[in-house]
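Notes follow the structure.
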Amino acid sequence: MPELPEVETTVRGLARYLEGERVTRVVLNRPDMRRPFPADLVQAMTGATITSLGRRAKYGLLHTDRARTLVFHLGMSGRWRIDPAEDEAHDHLVIETEGHRFALNDPRRFGSVDLVDTAALDAWSPFAAMGPEPLGESLTVDHLHTALAGRKQAIKLCLLDQRIVAGLGNIYVCEALWRARINPKRAGGQVSKAALGRLLPAIREVLTQSIADGGSTLRDYAQPDGALGYFATRFDAYGREGEPCRRGDGSIRRFDQGGRSTWYCPKCQR
DNA sequence: CGTGTGCCCTGACAGC
DNA sequence: TGCTGTCAGGGCACAC
């Protein structure tokens, strides 16, 4: 369940249990996820203390007292299970501390785990070319305007490009474009500054509201019953094909963009 | 360079 | 009850 809000709530939830904890044992149940696990993962993490946790885009960060950071990505199907009652299929990595047990479960294995020198995180290749955090101060209308200038690609696809904004995924791009009344098919470079002025707060609001809901979801995460996040009941566009637009008398349509579904209201998103 | 395509992988679900 | 096809919250390699 990993989009930015889920990664954020996952990180916050893990922090409550992991911050300040010393790792006593690391178990790999297979050699890889998307990539091979780092060759020295077990050695590097065993005995290390988790000093703090963080997030960059859709990546979670476990900082250690050894000047190295464990960076995880949940891909499409990844989640952390905290103090699981029993082992499950696809628990690929298990980290134990004196008080708790954490299993990284990812059926599709699109996720990843890496070890990066903490001081060099910004230069780590997936982060090096990344755009600003959508909830940070460096994402501005001017940034969007500059980054999108001349782009012929549809705005929907531009917003999924992590070099323009870091951390948006399919759900929140659809939701933000609906809120800003922007047609997802419009070329990125053709979105007016006025429209970008609506888009920026729309992005912030949809992420912030989802994080607020995700916070209540996190406990379900920790007690692994797989319950849907509350925010899913509040979608205005995503997954609502054929249902009435909540804003007018149009109805939501779905179509394909870059091999992935886009939902929008053709009547009010221009 | 920007842009489009296909693939990595498993599981859930619809339709036959 | 199987099968088969489709789709899924992401990211990357590759071709033009």
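Note on naming: letters A, B, ... go to the chains in the order of the sequence lines (proteins, then strands), and numbering restarts at 1 for each one. On a predicted model such as this, the values are computed, not experimentally measured, just so you know.
A donor-acceptor contact under 3.5 Å is formed by the side chain of A:E6 with the base of C:dG9. The base of B:dC9 sits within donor-acceptor range of the side chain of A:R108, with an N or O pair under 3.5 Å.
The phosphate of B:dG11 (OP1 or OP2) has a side-chain N or O of A:H90 nearer than 4.0 angstrom. Between A:K152 and B:dG4 there is no side-chain N or O to OP1 or OP2 distance below 4.0 Å. Side-chain N/O atoms of A:Q162 include none lying less than 4.0 angstrom from OP1 or OP2 on C:dG10. In terms of phosphate contacts, A:H73 brings a side-chain nitrogen or oxygen within less than 4.0 Å of OP1 or OP2 of C:dG11.
Nearest nucleotide to the side chain of A:S261, out of B:dT10, C:dA8, C:dG11: C:dA8. Among the nucleotides B:dC8, C:dG9, B:dT3, the one closest to any side-chain atom of A:R34 is B:dC8. Side-chain atoms of A:Y59 lie closest to C:dC12 of the nucleotides B:dG11, C:dC12, C:dG9.
No engagement by A:S112 is indicated, since no non-hydrogen atom pair under 4.0 Å with the nucleic acid exists. Among the heavy atoms of the strands lying under 4.0 Å from A:R260 is at least one base atom, whether or not backbone atoms are also near. No contact: A:Y172 has no heavy atom under 4.0 Å from any strand.
Across all strands shown, B:dC7 is found opposite C:dG11 as a Watson-Crick or G-U wobble partner, with both distances under 3.5 Å. Summarising the base pairing, C:dG2 is matched to B:dC16 through a Watson-Crick or G-U wobble pair whose two defining distances lie under 3.5 Å.
Here C:dG11 presents its C1' atom at 9 Å from CZ of A:R35, a figure rounded to the nearest Å. When rounded to the nearest whole Å, the span between CZ of A:R254 and P of C:dC7 equals 6 Å. Between the CE atom of A:M76 and the C1' atom of C:dT6 there is a distance of 13 Å, given to the nearest Å. Here the P atom of nucleotide C:dG10 and the OH atom of A:Y238 are 8 Å apart, to the nearest Å. If you take CG of A:L157 and C1' of C:dG11, they are 14 Å apart, rounded to a whole angstrom. In this structure, A:R30 atom CZ and B:dC8 atom C1' are separated by 12 Å, rounded to whole Å. Distance, A:E241 CD to C:dA8 P: 10 Å, rounded to whole Å. When the P atom of C:dG11 is taken as reference, atom CG of A:D161 falls 11 Å away, rounded to whole Å.
Just one of A:L200, A:L207, A:T208 meets the side chain to side chain contact (heavy atoms under 4.5 Å, CB included) condition when paired with A:P134; it is A:L207.
Between A:H73 and A:Y59, the ring planes are perpendicular. Angles over 60° get that label, and only those under 30° would be called parallel.
Spacing of P atoms, B:dT3 relative to C:dG9, comes out at 22 Å, to the nearest Å. Rounded to whole Å, the P atom of B:dA12 lies 23 Å from the corresponding atom of C:dG11.
Annotation: cation-pi geometry not satisfied between A:K156 and A:Y264 (NZ/CZ under 6.0 angstrom from ring centroid, within 45° of ring axis).
Residues A:F72 and A:W80 place their aromatic rings such that the two centres sit under 6.0 Å apart.
Looking only at distances, a side-chain donor or acceptor of A:N170 sits under 3.5 Å from a matching main-chain atom of A:S261.
No aromatic stack links A:F110 and the base of C:dG11, using centre distance under 5.5 Å and interplanar angle under 30°.
Side-chain atoms of A:W263 and A:P184, non-hydrogen and from C-beta on, never get closer than 4.5 Å to each other.
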